[in-house]
Number of protein chains: 2
Amino acid sequence: MDKSRRTTIQDIAKFVNVSIGTVDRVIHNRGNVSPDKKKKILEAIKILNFNPNFLASTLALGKQRHICSLLPHPDSTNSFWQLPKKGVKQTAAEYKDFGITYTAFDYDLKEESSFVEKSLAVLDANPDGVILAPLFRKESELFIKKLEEKQIPYIFIDSFIPDQKDLSYIGPDLKGGGYVAAKLMSSILSPNDDILIVNLIKSVENSNLNVIEKGFREFFNDSNINSKREIKSITIPSLEERDINVELTKYYLKNPETKGVFVTNSKASLIAKYHVLHELSVKMIGFDLLEDNIKEMKDGNIDYLISQRPFFQGSMAVKALFHYFIYKKIPSKLQLVPLDIIIKETVDYYMDFKEPTVGNFLSKN
Amino acid sequence: MDKSRRTTIQDIAKFVNVSIGTVDRVIHNRGNVSPDKKKKILEAIKILNFNPNFLASTLALGKQRHICSLLPHPDSTNSFWQLPKKGVKQTAAEYKDFGITYTAFDYDLKEESSFVEKSLAVLDANPDGVILAPLFRKESELFIKKLEEKQIPYIFIDSFIPDQKDLSYIGPDLKGGGYVAAKLMSSILSPNDDILIVNLIKSVENSNLNVIEKGFREFFNDSNINSKREIKSITIPSLEERDINVELTKYYLKNPETKGVFVTNSKASLIAKYHVLHELSVKMIGFDLLEDNIKEMKDGNIDYLISQRPFFQGSMAVKALFHYFIYKKIPSKLQLVPLDIIIKETVDYYMDFKEPTVGNFLSKN
DNA sequence: GAAATATTTGTTTGCGTACACAATTTTTGT
DNA sequence: ACAAAAATTGTGTACGCAAACAAATATTTC
């Protein structure tokens, strides 16, 4: 069965006895085609099972689309924000041949003004689509208003602002993340063990962590174990070892019975280090597969890490925009990424795992 | 900054003052180019940062590659084997425009002869690459020998035969899967609770389950809790409710203290149903996100499911072959997929999660 | 019923590359 | 020095599609 190659526009034209121009007009709904020929052509498309060749189509069209990302600047080489950014960058590069170009804009998580500045830069770049982590609520709202005025589609990743005209939110179910953390915590503690929730944030803008904490507490409300467990939370607005030491020591002196700590962002390793230093045996749960976190997990100082596939978030955002550009396909508004539960024994699988990418055509001489 | 479009072969030709033919010869290392021109062209490629346009390249080349899969026939619409197959099929369809065609061959898991028959059919189809789940060891070895004679590259998914010339193995670390299951089991049982390992298999050929069991036991050997826990295993060579009932009842009557059950394949739901029917409260761990398993997990009859990303295995196998075809890129020989630990609270995220695909160009009238 | 206009259809060029073939230049042998 | 052979370089066509342009009908207008 030497199945002859795919049917082309030519085939259809010949089949219906018209020129390829007419077929093209029908395919693109460009009008100016007599009803009967249109009908015949549509039939032929069905019969011969015609799909336009995506390569030839893109090549002929030659349209360039520019994607910009506006994400927090990674505060170190081992920062959470490296990951989604890498996902965006790498995937955009994959689509280079398909006319996708990409520029990254990073804002300073500590400076609202930086966000404003960079968001203006994004607008200046005149993008066809924007990928945004809207950590500053008010400033983000202003920004997306401008995007909407210019009819530029945008996608939220990592966190989102409700009730907006974003194309999609691609990121974790924050509340669910807290809930899952609580479930895991409860599975490794005794019913009456006290728990501490640590919010390690610099700016107070970001209310996501509250949502996470809410989810965490909700689990313990749901599970009507009539335990006498105490669940307290503290906020440490600094990532400096000194500050953390002071605050934690203050807390532990008052609450020596704390048996589990849940850190609501990716900085669990900082708390784990404190525990090691002070020889405290406390169960710990945190987020994200950062080098420091992994090290502490392997050393037994963190019990569970929950990952929200940050690389994938970036990767999917680009893909969604691409599909929107090319096929006018509207992605589902809410795309919650899986919350991966990771333990010492499974972490290496996640780190070694590399999905091959489409593009990356390099002349190999 | 109206960044001029990408540099093309034309640009290079003009830059060096030669014809595109000569540039082409250099790019493809096809010889017959004077050394100095070659040098200049290579320099220009560097300077102008030239990458061949993948679209145009593929289009001009117009080469077709045929991929065949040889996987177990899904024994129901809700079978594990649906998943990798779907991954292969969908991804192959994505690459249709890139010249990839695909044919699926399914063999009967109960019949070695079926494997032989289908493997011959694969050879008849004259594929350019094969994706294979080598569940019958001996028959698989014969098959891949023939593939090697014909120089047809092949990739193992789901399980593999060691020391072969396969392009890659894409699948779980089976032993690691057992080990992880054990870790989880130990976290939900008391130190002295007895455990049962259930091997639900029809054919004895498949030694993978032994590897999984080995990993499971290894964990308890490693963790030198001097418990008096008993870990026994039984093999039930049937999926019929009757047979399972008989065997399990026989076992439980003799071992009433069993508190945890680990099922080494995707059929944990069958055991869970038995427990419900007989009102047994037993902790359970199994593999794979099948509908039945998910239901039992949501009902509280299965505590953990471990997923090995079956869809992705298929998807990645196609991508790896594609890259091998196009870029001659040899994938890493061992690509262990992450072992996702899934609980009632996270299962929905996995089910809802849909990665957008590249192709699927459908005229949307 | 012819001119003017509107509608429908056909043709051509270009996207960037691969490759066959033609044309040119260089080298070799005598 | 000159033909013959070898090495090098240039040109044209095709891949399948999109879109501009040109041509051919059909319809309207007076």
Side-chain angles (χ1 to χ4, degrees), chain A residues 4-41 44-45 48-65 96-100 325-327 359 361-363, chain B residues 4-41 44-45 48-65 96-100 325-327 359 361-363:
Chain A
S4 54
R5 78 209 188 305
R6 290 179 52 181
T7 83
T8 70
I9 283 192
Q10 287 282 2
D11 298 330
I12 308 237
K14 221 166 281 172
F15 191 84
V16 188
N17 225 29
V18 294
S19 73
I20 58 167
T22 311
V23 176
D24 186 64
R25 257 167 239 123
V26 171
I27 290 174
H28 295 89
N29 254 319
R30 228 182 283 126
N32 288 333
V33 177
S34 68
D36 64 318
K37 293 223 165 145
K38 178 168 181 178
K39 187 162 150 268
K40 275 185 195 160
I41 288 173
I45 286 179
L48 300 182
N49 184 31
F50 166 78
N51 298 64
N53 182 317
F54 179 60
L55 299 190
S57 170
T58 318
L59 187 63
L61 200 44
K63 196 159 189 174
Q64 296 284 320
R65 319 276 193 156
K96 200 171 58 174
D97 284 330
F98 298 88
I100 297 292
F325 292 152
I326 306 293
Y327 310 118
F361 199 131
L362 297 172
S363 32
Chain B
S4 53
R5 77 207 191 306
R6 290 180 53 182
T7 84
T8 71
I9 283 193
Q10 288 282 1
D11 299 329
I12 308 241
K14 221 167 280 172
F15 190 83
V16 187
N17 226 30
V18 293
S19 74
I20 59 167
T22 309
V23 177
D24 186 65
R25 258 166 239 122
V26 172
I27 289 174
H28 294 88
N29 254 318
R30 230 183 281 124
N32 288 332
V33 178
S34 68
D36 64 317
K37 292 223 166 145
K38 177 169 182 178
K39 189 164 147 265
K40 275 184 195 161
I41 289 173
I45 286 179
L48 301 183
N49 184 31
F50 167 78
N51 296 66
N53 183 316
F54 179 61
L55 300 190
S57 171
T58 318
L59 186 63
L61 201 44
K63 197 161 189 172
Q64 296 284 320
R65 320 274 192 157
K96 200 170 58 174
D97 285 330
F98 298 89
I100 298 291
F325 292 153
I326 306 292
Y327 310 118
F361 200 132
L362 296 173
S363 32

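Bear in mind that the values here come from a model prediction, so they are computed numbers and not experimental data. Chain naming here is simple, since letters A, B, ... match the order of the sequence lines and numbering starts at 1 in each.
In this structure, the nucleotide among dA18(D), dA18(C), dC17(D) sitting nearest to the side chain of H28(B) is dA18(C).
For the pair I27(B) CD1 and dA18(C) P, the computed distance is 6 Å after rounding to whole Å. Between K38(A) atom NZ and dT9(C) atom C1' the separation is 16 Å, expressed in whole Å. Regarding I12(B), its CD1 atom lies at a distance of 12 Å from the C1' atom of dG16(C), rounded to whole Å. Protein atom CG of N53(A) is 13 Å distant from nucleotide atom C1' of dC15(C), rounded to whole Å. As a whole-Å value, the separation of K63(B) NZ from dC15(D) P is 17 Å. Rounded to whole angstrom, the span from the CD atom of Q10(B) across to the C1' atom of dT13(C) amounts to 14 Å. Taking atom CZ on F54(B) and atom C1' on dC15(C), their separation rounds to 16 Å, with Å as the unit. Taking atom CZ of residue R6(B) and atom P of nucleotide dG14(C), one finds them 21 Å apart after rounding to whole Å.
Taking both residues in full, the closest heavy atoms of D11(B) and T7(B) are given as OD2-CA, 3.0 Å, listed atom of the first, atom of the second, then distance. Shortest non-hydrogen contact noted between S19(A) and A13(A) is C-CB, 3.9 Å. Minimum interatomic distance between D24(A) and I9(A) (heavy atoms only, all atoms of both residues): OD1-CD1, 4.4 Å. Of all non-hydrogen atoms in F50(B) and I12(B), the two that sit nearest each other are CB-CD1, 3.4 Å.
A donor-acceptor contact shorter than 3.5 Å links the side chain of R65(A) to the backbone of F325(A). Between the side chain of R6(A) and the backbone N or O of N51(A), at least one donor-acceptor pair lies under 3.5 Å.
Two residues, L59(A) and R30(A), neighbour DNA chain D, and the one matched to the more 5' nucleotide by heavy-atom proximity is L59(A). Residue whose closest nucleotide on DNA chain D sits further toward the 5' end, between A56(A) and L61(A): A56(A).
Taking the six-membered ring where tryptophan is involved, the planes of F54(A) and Y327(A) are tilted, since the angle between them lies from 30° to 60°.
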*For each nucleotide in nucleotides 7-13 of chain D, reading 5' to 3', give B when a protein heavy atom comes within less than 4.0 Å of its base, S when such contact involves only the sugar-phosphate, and - otherwise.*
-BBBB--
